[in-house]
Amino acid sequence: MKSSLLFFFLLAFASVAGAQKVCDTVTHVLSADSFKIMTGRHDGVVLDVRTPDEFRTGYISGAVNIDFRAADFEAEISKLDKTKTYYVYCEVGGRSRMAADYMTSHGFCQVYVLERGLRDWKQKGYPVTVPK
């Protein structure tokens, strides 16, 4: 009996000690105003999931472009540091929500989405960078 209890406690301890951080699987949606404030803190990565052609028409300053529709989307996302905070956007919000859902289901803990996308960002008068 004593050895069974000891085995149980050792197994329970090993499970707790080896457990990885469990992430929130909720995709956080932010208004353009909140997104601007959060990204202005420079404590995360701004991720544009539009196509490269869309990206060239203008993007939020400092954004990294990984095309949600590209065949290598999952491979490119897997290269990112899961411990960082990500601020994801697309043109109107659909792709960014799907991308963020994918990210949270694959171990990214801090993922925020720009509600109504870059279109709403621009309508609010917030700046975009247009490459030369």
V64 and V46, any side-chain heavy atoms less than 4.5 Å apart: no
N/O donor-acceptor pair under 3.5 Å between K82 side chain and M103 backbone: no
Sub-4.5 Å side-chain heavy-atom contact between T39 and Y112: no
Partner set under side-chain hydrogen bond (donor to acceptor under 3.5 Å, both in side chains) for R119, not counting sequence neighbours: none
Validation row: L47, V111 side chains within 4.5 angstrom (heavy atoms): no
Residue pair F73 / V49: nearest heavy atoms and the distance that separates them: CE1-CG1, 4.4 Å
Parallel, tilted or perpendicular: ring planes of Y89 versus F35, cut at 30 and 60 degrees: perpendicular
Taking every non-hydrogen atom, the tightest pair across A100 and V113: CB-CG2, 3.4 Å
Heavy-atom pair of closest approach, residues P131 and Y59: CD-CE2, 3.8 Å
Note: K79-E74 ion pair, threshold 4.0 Å (strictly below): no
Spatial distance of atom CG (L80) from atom OH (Y86) [nearest 0.5 Å]: 4.0 Å
Closest heavy-atom pair and its distance - S96, L114: OG-O, 4.3 Å
Whether over 12 other heavy atoms sit under 6.0 Å from K84 NZ: no
CZ on F55 to OG1 on T129, rounded to 0.5 Å: 8.5 Å
Q110 side chain near F108 side chain, heavy-atom distance below 4.5 Å: no
Non-hydrogen atoms of G58 and L118 that approach each other most closely: O-CD2, 3.6 Å
D53 and T51: CA distance, side-chain angles, deciding distance, side-chain hydrogen bond (donor to acceptor under 3.5 Å, both in side chains) verdict: CA-CA 5 Å; D53 287 341; T51 66; 5.3 Å; no
Criterion side chain to side chain contact (heavy atoms under 4.5 Å, CB included) on H106 and I77, from CA distance to verdict: CA-CA 9 Å; H106 286 81; I77 290 296; over 6 Å; no
Beyond-backbone contact of R50 with D67, side-chain heavy atoms, under 4.5 angstrom: no
Contact summary for N65 and P52, nearest pair of heavy atoms: OD1-CA, 3.7 Å
Side chain proximity check, Y87 to D43, heavy atoms < 4.5 angstrom: yes
Check: K36 and W121 side chains under 4.5 Å, non-hydrogen atoms: yes
Note, L30 side chain near E115 side chain (heavy atom, < 4.5 Å): no
CZ-CD distance between R69 and E54, expressed to the nearest 0.5 angstrom: 6.0 Å
V29 reachable from Y102 in the ILVMFWY side-chain graph, under 4.5 Å edges: no
